[in-house]
Peer 1: 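Here's a structure for you.
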Amino acid sequence: MPLMISWLESANVADCPFPLNNLPYGVFSTDKFSPRCGVAIGDVIFDIQAAEAAGLMTFSSVAVFDAPSWNSFMALGRQAWASLRAKLITILAQNYDDQAAISEFLVPLDGATLHMPFKVSEYTDFYAGRNHAVNIGTMFRGAENALPPNWLHIPIGYNGRASSVVVSGTAVRRPWGQIKAPTDDKPRFAPSQRFDIELEMGAIVGVASDRPITVQEADANIFGYVLLNDWSARDIQAWEYQPLGPFQAKAAATTISPWIVTAAALEAFRCDTPKREFELLDHLKDCGPMLYDIELAVSLTPEGGAVNTISATNYNQMYYSAAQQLAHHTTSGCPMNVGDLLGSGTISGTEKSQYGSLIEMSWGGKQPLTLSSGETRSFIQDGDTLTLSGAAKGDGYIVGFGLCTGKLLPALADPYKR
Ligand code: CA
């Protein structure tokens, strides 16, 4: 698909993350405006709350943009999703005849503060990247047992915490937890010394369900995607994770990028899941291209230092699509709600330069990375800023996600010491 030309010149520049093809949904505020829903286009935000209040954007008999979240709009369903996108494309495309009326609702992106774009109902994290699972499994259990026997048959996941999902730019505090290294004779309570990132994509459920749904239905129920950093305390995880999976290691924070890139905007970038080693059971079978070709990168910036790109990979590396994860999630009859967030699992390519976590890049701390300053890193140090970025590359345009960034603050004093 070629670039769709807008009357907003800034949207037509080849490396602009927000061309007319994209139209991602977020929540913003400025000195003048309280937090509200907006749509990014070029270097501005279309204030859809004000446009709805002015009678320009009506998709329901009641206002859906009168709260600073996209949940109410998502809940209107697929027909409304398509109507809004069509309407936005009409009013922002070149030759639209009443540009002055639309201009009234445009706010510069530069200077706007971005907030959580939706209320996370519940958060589930999966483990669906094969390269990552093999790498972590090798480190935790040895090469013989790297991939658990169920891995090639079901997308493994655990129920995470919605309460600690934060928007890009929010600082993250190094957590305390119970730690026991294999060489320690007993556990101790201490700040995590092996604090890490996980490069993931988050899929947002936009249609509720209360029964087992097919992969095809699941694909249609996904509203859009964000970048997701599943911050992970590896030392806490290694001690606590058997037999029920990670718990406090993942509970401190999960950061998402501020713009929801809709499934509709990504349609042109669909690609196939990989060839299957074992045939999947019918309810998880692939039924068309349900992954997306999205280039991803990770950078690490020490306090006051230079930006170091430490990884570059692609969402097309996943073994299971978000649609398969969502379908699997419903097999028990588990209800899914508007605003449920599904983490893909860490996205690692096959090479060291393509790994999606520091524990893989430094191979458990045995091979520290060297930064441009000459400093080394096995895990994140206090003051480091970790940033995920992502974009689908079209013909002369990109569909960008904005950044998913967070700075690590030092651990607080012992929370139990009086
Ligand atoms: Ca994860």
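Computed from a predicted structure; not experimentally measured. Read the numbers this way: they start at 1 and go in the same order the structure lists the ligands and their atoms. What's counted below: heavy atoms across the whole structure, side chains too, no hydrogens, waters or symmetry copies.
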Peer 1: Under a 4.0 Å N-O cut-off, is there an ion pair linking Lys32 with Asp47?
Peer 2: no
Peer 1: Work out how many protein N, O or S atoms lie closer to the Ca ion (ligand 1) than 3.0 Å.
Peer 2: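 The number of such protein atoms is 4.
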Peer 1: Nearest 0.5 Å, please: how far is OG1 in Thr330 from CD1 in Ile213?
Peer 2: 4.5 Å
Peer 1: Taking the six-membered ring where the residue is Trp, are the ring centres of Tyr241 and Phe140 under 6.0 Å apart?
Peer 2: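 For Tyr241 and Phe140, the ring centres are under 6.0 Å apart.
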Peer 1: Could you go through residues 406-418 and list every donor-acceptor pair under 3.5 Å that involves a side-chain atom there, pairing it with any protein atom two or more places apart or in another chain?
Peer 2:
unit_1	atom_1	unit_2	atom_2	d
Lys407	NZ	Glu303	OE2	2.7
Asp414	OD1	Tyr416	N	2.9

Peer 1: Salt bridge or not between Arg130 and Glu277? Use side-chain N to carboxylate O under 4.0 Å.
Peer 2: yes
Peer 1: Donor-acceptor pair, distance only, cut-off 3.5 Å: does the side chain of Ser232 make one with the backbone of Arg234?
Peer 2: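 Absent.
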